[in-house]
Number of protein chains: 2
Amino acid sequence: MFSKSCEYAIKAVIHLCIETKDGSRLSIAEIAEAIDSPEPFTAKILQTLVRHDIISSAKGPGGGFYIDHHSKPVFVIEIIDVIDGKHAFERCGLGLKECNEKRPCPIHNEFASYSRKLKRLLETKTIQDLAKGIISGKAFLSNT
Amino acid sequence: MFSKSCEYAIKAVIHLCIETKDGSRLSIAEIAEAIDSPEPFTAKILQTLVRHDIISSAKGPGGGFYIDHHSKPVFVIEIIDVIDGKHAFERCGLGLKECNEKRPCPIHNEFASYSRKLKRLLETKTIQDLAKGIISGKAFLSNT
DNA sequence: AGAATAAAGGATGCAATTATCCTTTTTTAA
DNA sequence: TTAAAAAAGGATAATTGCATCCTTTATTCT
């Protein structure tokens with residue numbers, strides 16, 4: 001469904017959302033540990049998210065990553081767009097370039113309603129919504 | 001959504017279904033050409049489908065691949081199971097190993113209802129159903 | 001039986017995604 | 001103003017999915 005990068009990205013932002021409510025910051029190491037991801041790879045993803053203004057970062061001692069709770073909430077789709085590209089959802093089930101409403105591939109109609117709904121969901125759901133449903137951030141975001 | 005192999009497999013079986021109704025057979029070259037896929041790679045996929053009894057093949061002159069229209073219809077999910085594995089649908093949206101109903105990941109519930117529906121659809125839909133909806137096999141299965 | 005045809009299967013190459021390493025830049029604090 | 005902390009960024013490695021090549025086996029037809 002999504003790339004590994006995208007999975008890490010979503011997990012990381014949820015984690016940040018929960019842990020930096022109080023204005024504190026998290027280092028790459030802390031995030032990677034919490035979401036069970038390789039540290040240097042996670043660093044790259046976090047950088048991308050910062051560049052696209054989805055999360056914030058501060059260099060130097062006491063620095064780290066955080067999300068600014070005064071700015072607008074983060075829609076899940078924003079992360080997907082930035083990491084996996086805008087067209088992650090528009091792809092035809094059979095990978096046909098020329099598949100569309102007028103000239104649908106054999107399973108176009110079967111897929112279309114499914115992916116449309118899922119996309120709409122991710123367009124309306126925010127990371128903040130997801131964070132609310134989590135009791136213990138660590139437990140639910142790690143793999144072990 | 002599905003792997004390239006799986007896309008080719010679905011297209012190939014649809015094409016076979018349409019073109020071998022009369023008991024004729026198609027060579028790898030003919031299939032690859034029709035569905036716009038690399039020939040040797042397609043050969044591998046067809047082999048796998050034969051091994052799993054989804055399609056049939058005959059060696060030697062006049063041989064090729066075909067689907068036996070006297071045997072039971074092919075459910076789309078069968079192809080997916082064989083090529084991408086049985087768990088292609090059970091994977092959690094965030095790639096967590098330990099995500100399940102009892103211990104759902106943040107987006108588990110959001111995904112579950114949709115992938116359940118899609119899975120059910122592919123469990124009931126047959127290649128024969130899909131073939132019916134196609135007027136010109138070539139035109140709809142190739143990329144160009 | 002022998003030649004031609006076509007799939008089967010093993011071994012290998014290539015490219016994208018995933019992951020790692022190392023150096024540079026910025027910031028804080030002593 | 002120097003040392004340490006921490007992210008940023010460039011270069012490189014490993015893994016995996018995708019694709020190709022070549023030899024072998026089975027079948028048909030002459």
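Chain identifiers are assigned alphabetically (A, B, ...) following the order of the sequence lines, protein sequences preceding nucleic acid strands; residue numbering begins at 1 within each chain.
One can place OH of A/Tyr66 at 12 Å from P of C/dT27, the figure rounded to the nearest angstrom. Atom pair B/Glu30:CD and C/dA6:P shows a separation of 9 Å (rounding to whole Å applied). One atom, CG of B/Leu26, and another, C1' of C/dT5, lie 16 Å apart when rounded to the nearest Å. B/Glu7 has its CD atom 12 Å from the C1' atom of D/dC18, to the nearest Å. One atom, CD1 of B/Ile28, and another, C1' of C/dA7, lie 6 Å apart when rounded to the nearest Å. Between the CZ atom of B/Arg25 and the C1' atom of C/dT5 there is a distance of 13 Å, given to the nearest Å. Atom-to-atom, CD1 of A/Ile35 to C1' of C/dA19 comes out at 14 Å; the value is rounded to the nearest Å. Taking atom CG on A/Leu16 and atom C1' on D/dA7, their separation rounds to 13 Å, with Å as the unit.
Axis orientation changes by 0° from one end of the helix from C/dA1-D/dT30 to C/dA30-D/dT1 to the other, with each end axis drawn from 5 pairs and the value rounded to 10°.
Regarding contacts with the backbone of C/dT18, every side-chain N or O of A/Tyr8 stays at 4.0 angstrom or more from both OP1 and OP2.
Note that CG of A/Leu46 is 10.0 Å distant from OG of A/Ser27, once rounded to the nearest 0.5 Å. For the atom pair CD1 (A/Ile35) and CG (A/Leu16), the distance works out to 8.5 Å, reported to the nearest 0.5 Å. Taking CD from B/Glu39 and CD from B/Glu30, the interatomic distance works out to 10.0 Å, rounded to the nearest 0.5 Å. Atom CD1 of B/Ile55 sits about 10.0 Å away from atom CD of B/Gln47, to the nearest 0.5 Å. Atom CD in A/Glu78 sits 12.0 Å away from atom CD1 in A/Ile10 (nearest 0.5 Å).
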Stepwise side chain to side chain contact (heavy atoms under 4.5 Å, CB included) check, A/Leu26 with A/His15: CA-CA 10 Å; A/Leu26 297 182; A/His15 183 65; 3.6 Å; yes

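At distances below 3.5 Å, not a single donor-acceptor pair connects side-chain atoms of A/Ser24 with backbone N or O atoms of A/Thr20.
Shown for residues 37-61 of chain B: residues whose heavy atoms fall under 4.0 angstrom of DNA chain D, namely B/Pro38, B/Pro40, B/Phe41, B/Lys44, B/Lys59, B/Gly60, B/Pro61.
Counting heavy atoms from C-beta outward, B/Ile80 and B/Lys119 have side chains that stay 4.5 Å or more apart. Considering only heavy atoms from C-beta on, A/Val74 stays 4.5 Å or farther from A/Thr126 through its side chain.
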